[in-house]
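This report concerns only the one structure given below.
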Amino acid sequence: MRVKLLLLLLAVSLLSGCSLLDKVDQSLNYVNEATQFINSGTRLAEQLPNLATQAISDPEARTAIKNEFMEMKARIEAFNKLEPPAFAKSIHEQLLAYNETLTKQINTYLEQMNVGQIDWKSLTDSSLIQTLDQITQILDKLQNLTQ
C-alpha cells in the first residue's frame with residue numbers, strides 16, 4: 001500500500017513539474033514570437049523610407065512595398081492570435097492596440113496604391129513609421145520582463 005501511495009505521489013509531482021515546464025516553455029515561445037514580430041516591424045520601418053523614395057520612379061519598389069505591407073498584415077494576424085503568459089499580458093495588449101492602428105494605416109496605403117493615388121514622399125515620414133517605432137520601443141519592455 002505504501003509503495004502505491006509513494007508512486008501516486010511521485011506521479012502527481014512529476015505531472016505538476018511537467019505543467020511548470022510547459023508554462024516556462026510557453027513563456028519562452030511567446031517572448032521569442034513577440035521578439036521576432038517586433039523585429040519584423042523594425043525592419044519594415046528601416047526599409048520603408050528608402051523603398052518609398054525609390055517607388056516614385058520604380059514600379060518594382062512599389063511592388064516591394066505592397067508585398068511588405070501584405071506580409072506585415074499576415075504577421076499581425078498571426079501575432080494577434082498568440083496567447084500571452086500572465087507576465088506579458090499588458091505588453092501584449094499594448095501590441096494589440098498598435099497592431100490595430102498599424103493594420104488600418106497599411107489598409108489605407110494599400111487602397112491608395114490600388115487606385116494610384118498615393119503620395120510616395122509622404123510615406124517616408126508617415127504615421128505608419130511612427131507606429132512601427134512605437135512597436136519597436138516595446139521590445140525593451142519585453143526584454144526587461146525576461147530578466
Side-chain angles (χ1 to χ4, degrees), residues 8-147:
L8 179 63
L9 289 173
L10 180 61
V12 169
S13 67
L14 286 176
L15 288 176
S16 66
C18 290
S19 175
L20 179 63
L21 288 177
D22 288 342
K23 288 181 182 180
V24 169
D25 191 43
Q26 177 191 12
S27 296
L28 289 174
N29 284 338
Y30 176 82
V31 170
N32 288 336
E33 292 287 331
T35 300
Q36 288 176 2
F37 172 73
I38 293 169
N39 286 337
S40 68
T42 301
R43 281 189 300 278
L44 179 59
E46 291 170 351
Q47 294 173 348
L48 198 54
N50 188 35
L51 280 173
T53 300
Q54 291 175 7
I56 294 170
S57 61
D58 183 1
E60 288 182 21
R62 295 176 195 157
T63 301
I65 290 173
K66 189 172 189 174
N67 291 339
E68 288 290 334
F69 283 167
M70 298 303 288
E71 289 173 16
M72 191 65 197
K73 281 180 59 171
R75 286 190 292 270
I76 288 169
E77 288 178 26
F79 180 81
N80 287 352
K81 292 177 183 175
L82 291 178
E83 185 65 36
F87 72 89
K89 284 208 184 281
S90 66
I91 286 178
H92 189 75
E93 290 172 5
Q94 286 179 321
L95 285 169
L96 291 177
Y98 287 136
N99 286 349
E100 182 179 341
T101 301
L102 186 59
T103 299
K104 289 177 184 176
Q105 292 167 331
I106 288 172
N107 286 338
T108 298
Y109 281 112
L110 287 172
E111 289 171 14
Q112 291 174 355
M113 290 173 75
N114 287 336
V115 296
Q117 296 179 342
I118 188 165
D119 178 6
W120 296 108
K121 289 181 184 179
S122 71
L123 189 56
T124 61
D125 188 34
S126 66
S127 59
L128 184 139
I129 292 177
Q130 292 170 0
T131 302
L132 288 167
D133 288 342
Q134 291 168 326
I135 289 172
T136 299
Q137 292 172 6
I138 290 180
L139 184 59
D140 290 336
K141 293 180 185 178
L142 184 64
Q143 289 173 340
N144 287 337
L145 286 177
T146 60
Q147 295 176 351

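Quick note: numbers below take in every heavy atom, side chains included, and nothing from hydrogens, waters or symmetry partners.
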For K104, the salt bridge (Lys or Arg N to Asp or Glu O under 4.0 Å) test, sequence neighbours excluded, returns E100
Under 3.5 Å, sequence neighbours excluded: what are the donor-acceptor pairs made by side chains of residues 52-61?
{"unit_1": "T53", "atom_1": "OG1", "unit_2": "P49", "atom_2": "O", "d": "3.0"}
{"unit_1": "D58", "atom_1": "OD1", "unit_2": "E60", "atom_2": "N", "d": "3.0"}

Residues pairing under salt bridge (Lys or Arg N to Asp or Glu O under 4.0 Å) where one sits in residues 110-129, two or more places apart or in two chains, turn out to be none
- Message: Any salt bridge linking E83 with K89? Criterion: basic side-chain nitrogen under 4.0 Å from a carboxylate oxygen.
- Response: yes
Exactly one of I129, L132, T131 clears side chain to side chain contact (heavy atoms under 4.5 Å, CB included) with Q105, and that residue is T131
Taken to the nearest 0.5 Å, the spacing of Q94 CD from Q137 CD works out to 10.5 Å
Ring pair (Phe, Tyr, Trp, His ring centres under 6.0 Å) pairs touching residues 34-60, sequence neighbours excluded, are F37-F79
One should read off an interatomic distance between I38 CD1 and Q134 CD, to the nearest 0.5 angstrom, of 12.5 Å
Scanning both residues in full, the closest heavy-atom pair of V31 with T35 reads O-OG1, 2.7 Å
Separation between CG (L48) and CD (E68), nearest 0.5 Å, reads 8.5 Å
So CG of L128 and OG1 of T103: to nearest 0.5 Å the spacing works out to 10.0 Å
The side chain to side chain donor-acceptor pair (under 3.5 Å) partners of R75 (sequence neighbours excluded) come to S40
For residues 94-123, the ring pair (Phe, Tyr, Trp, His ring centres under 6.0 Å) pairs (sequence neighbours left out) are none
When every non-hydrogen atom of K73 is compared with those of L110, the smallest separation belongs to CD-CD1, 4.0 Å
* To do: Evaluate the side-chain proximity of L44 to E71: yes if any heavy-atom separation is below 4.5 Å, no if none is.
  => no
Rounding to 0.5 Å, atoms CE (M113) and CZ (F69) come to a distance of 6.5 Å
Please walk me through it: do I65 and L123 pass side-chain contact (heavy atoms from CB on, under 4.5 Å)? CA-CA 10 Å; I65 290 173; L123 189 56; 4.2 Å; yes
Which of I135, N99, L96, L95 passes side chain to side chain contact (heavy atoms under 4.5 Å, CB included) with I76? It is N99
OG1 of T101 to CD1 of I106, rounded to nearest 0.5 Å, is 11.0 Å
